Protein chains: 2
Amino acid sequence: MTNIRKIAKLSGYSVSSVSRVINNHPHVSEEARQKILQVMEELDYRPNILAQELSSGSTRRVGVVIPNMTLPPYFSQLLNGLLDAAMDHNYTLLILPSRYDIDLEKYYLEQLRGRAFDSLIFTSRSVDLETIASYAKYGNIVCCEEVQDPNLSSVYVSRTHACKTAFNWIKDQGKSRIALLFTRKDLKSSTYRLTMEAYKEVFGEKKEPLILDGISTGEDAYEQGDSLLEQDLDCIFSNGDDVATGVVRYYQEKNLALPLLIGQEKQLTGEVLGIPTIDNKSYQLGQESFKQALSDEKRTIILQSEFIIR
Amino acid sequence: MTNIRKIAKLSGYSVSSVSRVINNHPHVSEEARQKILQVMEELDYRPNILAQELSSGSTRRVGVVIPNMTLPPYFSQLLNGLLDAAMDHNYTLLILPSRYDIDLEKYYLEQLRGRAFDSLIFTSRSVDLETIASYAKYGNIVCCEEVQDPNLSSVYVSRTHACKTAFNWIKDQGKSRIALLFTRKDLKSSTYRLTMEAYKEVFGEKKEPLILDGISTGEDAYEQGDSLLEQDLDCIFSNGDDVATGVVRYYQEKNLALPLLIGQEKQLTGEVLGIPTIDNKSYQLGQESFKQALSDEKRTIILQSEFIIR
DNA sequence: TTGAAAGCGCTACCAA
DNA sequence: TTGGTAGCGCTTTCAA
C-alpha cells in the first residue's frame, strides 16, 4: 500500500509537507510541491478517504432516508435539490432506502451514531420522532415535516397560504361548483386536511365540494373521469399537473367543455397545458434541508408554496 | 470523546479485551464481558465505524450508480434485489445518482479509488468502459450489461431465448399480424435489436411487424392506440405489463375485441390482466450483481429471461 | 518553509 | 484468558 509516508520518503520531504500539498495548504515551496506531486503521480497515489475522515473527524457525507425506490415527482425534485446543494458544498449524499421499515431506519440512526456520516435527513419516516430525537446528540438530524422537538431541525413547505390564494382566485373567477382530487381522503393526510380547511375558509362550511380520492396519476384521474360528470362542475382542483393531464384527456374525449382546471407541483405537463398550478417548492425544500443539515443550530424553516396563474 | 481506551480504563481491562467484546470474539471470560458491556452501556459507547473500517481495511459498503432519481420498474426491482442481498451479507449500499453525468460517475470512481467503499456497481453508465476498467485495480466493479473487459465483472440478463420462445408460442397460437412496442426504436437500444432479431428468426425477414416506439408507460400506449388500428392485428407484443394495461383500456373503450396481448417485466398489473408476460429477472439481476461485487474473481453471469404463459 | 510527533479510534498479532 | 503494542493512513500543533 502506498501511503503518505512512502510519498514523504521518496520525495525527500516530510509527511507534514505531503499533507500540506494534498490539502492545498500554504507554506509549501513551489519546489517541494512539484517534487511531491511528481512522486504522487508516479506511484498513482490517492489519499485514503477513510483515514482523512477519521483524522479530521468529519466525513463530508450526509445520509438521506427515502421511503422507497420508486419515487413520485415530489421526491425526485426534493432529491435533486439535496444533491445540488450537496455538490455545491462538496459533500456526498448517501441515499438510504427505508422501504417504510422501522428497523432499517433505526439501523441508519445507528450508523449516524457510529459516525459513518455527519448528518441525517429524513425525507419521510416510519420510526417515531422520540427515537429519532434521541440520536440528535450524534449529529444533525433534519426532518422534512413539521416537528416541534428542539433537538431536531424541521424543514417543510407550508401549503396553506397558496392554497387559500388559489381558492380565492377561483372564487374571483366566479366559480363555486368545485371538485377536489386527492391521493388519500384521510385525516392523517396533511394534504387532505389543509386543502379542506382552505376550501372551507373561502367557500364556507355549507358548500360541499365533490371529493375524489385514490388519485395520484393522470391514469387514475382518467379512470375516475365519470365521477366528475355526476355533478355540474365549473372547477377541478387537482393534486398534480400530471393528474390534470388525465382530466383534460377525459374531457376531450367526451367532447365536453373543460371546467377551470388547477394543477400542482409545477410540472412540465402543466406548463404545456397552460393551466394555473401550485408550486410546492420541492426542489427548494431539498436545498434548504441540506443546508440545515450542515448548520450548527437547530432550526425550523418553513417554505411557502406559490400559486402560479397562467 | 469516549473511545475504546476509556472503556478499557474504566472497566479495568485492556483495549484488546474491549475489542474482543465489541467483535464477539472468543477467549473473554464471562466476568470480563459483563463488566465491559456494563461500562459501555453507562458511557453510551458505540465503536467508531470509520476507525473500524480504517483498521480492518474493509468498509462493508458497496456503491451503486443509478442513472436517475425517478426510476422505471426495471430499476426499482433491480435495486430491491441489490438491497436484499446487501442486507443478507451485512453490507450497506450507497446509492449514487449519476444523472447521466460523466463527471459525476468519474467522481464516484475516484471515491472507490480513495477506499470510500469496497466495490462499485454500475446499473447504468455514461462514462466509457475503458475509464471504468482503469479503476478495477482499486476494487471490484460490476457492470449490469454485457462487457468483455477482463478487469470487469459483467452481470446481465439474456432476453433472446425467452423472446424467441414467446414468438414461437405466438406463432403456435396461429397469430402472425403482430405489433411490437418499444421505448426507443433505435439500433443503440439492445431491447430493440434483440426483439427484432427474434421476430425475424421466427416469422422470417419478409413479414414486417407494425412497430410503435416512444412507449414506456400505459399512458403512452393508450395515446398511440390509434396507430394500432391502422393495421389488422392479431397480436400485440408490448414492452411492459403496465404498457399492456394502456392497450387494454384503449381497446375496451372502443369496444373492440382485444388481440392476443403479451406483457413484460412480470408486474402486478400483468397478473391481474392474466396475460402472458416475459419475466426479465431484474430482482435476481440485483442479487447476483451484489454477490459478484463481493466475489474475488471477475466473472460474467448471464441470467435468462423467462416466458410465462397465463 | 519545514519536520517531529501526538493524536483520530480501532484491530490483530504475539507474548505471557 | 489477558494485555502490550504495532499498525491502519492521515491531520494538526508546535517548535525549529
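In what follows, chains carry the letters A, B, and so on, assigned in the order in which the sequence lines appear, proteins first and then strands, with residues in each chain numbered from 1. The shown structure was predicted, so the numbers you read here are calculated from the model rather than taken from an experiment.
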Residues B:Arg113, A:Asp44: salt bridge by 4.0 Å N-O rule: yes
Expressed in angstrom and rounded to an integer, what is the separation of A:Gln34 atom CD from C:dT1 atom P? 15 Å
Please tell me if the side chains of B:Val147 and B:Phe122 come closer than 4.5 Å, counting only heavy atoms from C-beta onward. no
Distances for protein N or O near nucleotides 10-12 of chain C N or O, under 3.5 Å:
unit_1 : atom_1 : unit_2  : atom_2 : d
C:dC10 : OP1    : B:Tyr45 : OH     : 2.3
C:dC10 : OP1    : B:Asn48 : N      : 3.0
C:dC10 : OP2    : B:Ile4  : N      : 2.4
C:dC10 : OP2    : B:Tyr45 : OH     : 3.3
C:dC10 : O2     : B:Ser55 : OG     : 3.0
C:dT11 : OP1    : B:Asn23 : OD1    : 3.2
C:dT11 : OP1    : B:Asn23 : ND2    : 3.0
C:dT11 : OP1    : B:Gln52 : NE2    : 3.2
C:dT11 : OP2    : B:Ser19 : OG     : 2.9
C:dT11 : OP2    : B:Asn23 : ND2    : 3.4
C:dT11 : O4'    : B:Ser55 : OG     : 2.5

Sugar-phosphate only, base, or nothing, as touched by A:Gly114 at under 4.0 Å among non-hydrogen atoms: nothing
Could you give the OH-to-C1' distance, from A:Tyr13 to C:dT1, as a whole number of Å? 10 Å
In terms of ring plane angle, is the pair A:Phe290 and A:His89 parallel, tilted or perpendicular, where the classes change at 30° and 60°? tilted
In whole angstrom, give the distance that lies between atom CD of B:Glu53 and atom C1' of D:dG7. 17 Å
Report the distance from atom CD1 of A:Ile36 to atom P of C:dT1, rounded to the nearest whole Å. 13 Å
Over how many whole Å does the gap from B:Ile7 atom CD1 to D:dG3 atom P extend? 15 Å
Under the criterion salt bridge (Lys or Arg N to Asp or Glu O under 4.0 Å), which of B:Glu105, B:Glu130, B:Glu145 is the partner of B:Arg125? B:Glu145
Under a 4.0 Å threshold between the charged nitrogen and the carboxylate oxygen, would B:Asp88 count as salt-bridged to B:Lys291? no
Under 4.0 Å between any heavy atoms, over every strand shown, what does A:Ala32 touch: base, sugar-phosphate, or nothing? Just pick one. sugar-phosphate
Whole angstrom value for the distance that separates C1' of D:dG9 from NZ of A:Lys6: 13 Å
For B:Val155 and B:Ile121: C-alpha separation, side-chain torsions, deciding distance, then whether side-chain contact (heavy atoms from CB on, under 4.5 Å) applies. CA-CA 10 Å; B:Val155 184; B:Ile121 298 173; over 6 Å; no
Hey, does the side chain of A:Ser29 come within less than 4.0 Å of C:dT1's phosphate (OP1/OP2), counting only N and O? no
To the nearest Å, how far apart are A:Arg33 CZ and C:dT2 C1'? 13 Å
Verdict with supporting geometry, A:Tyr91 and A:Asp118, side-chain contact (heavy atoms from CB on, under 4.5 Å): CA-CA 10 Å; A:Tyr91 267 69; A:Asp118 299 340; 3.9 Å; yes
Separation of atom CD in B:Glu31 from atom P in D:dT2, rounded to whole Å: 8 Å
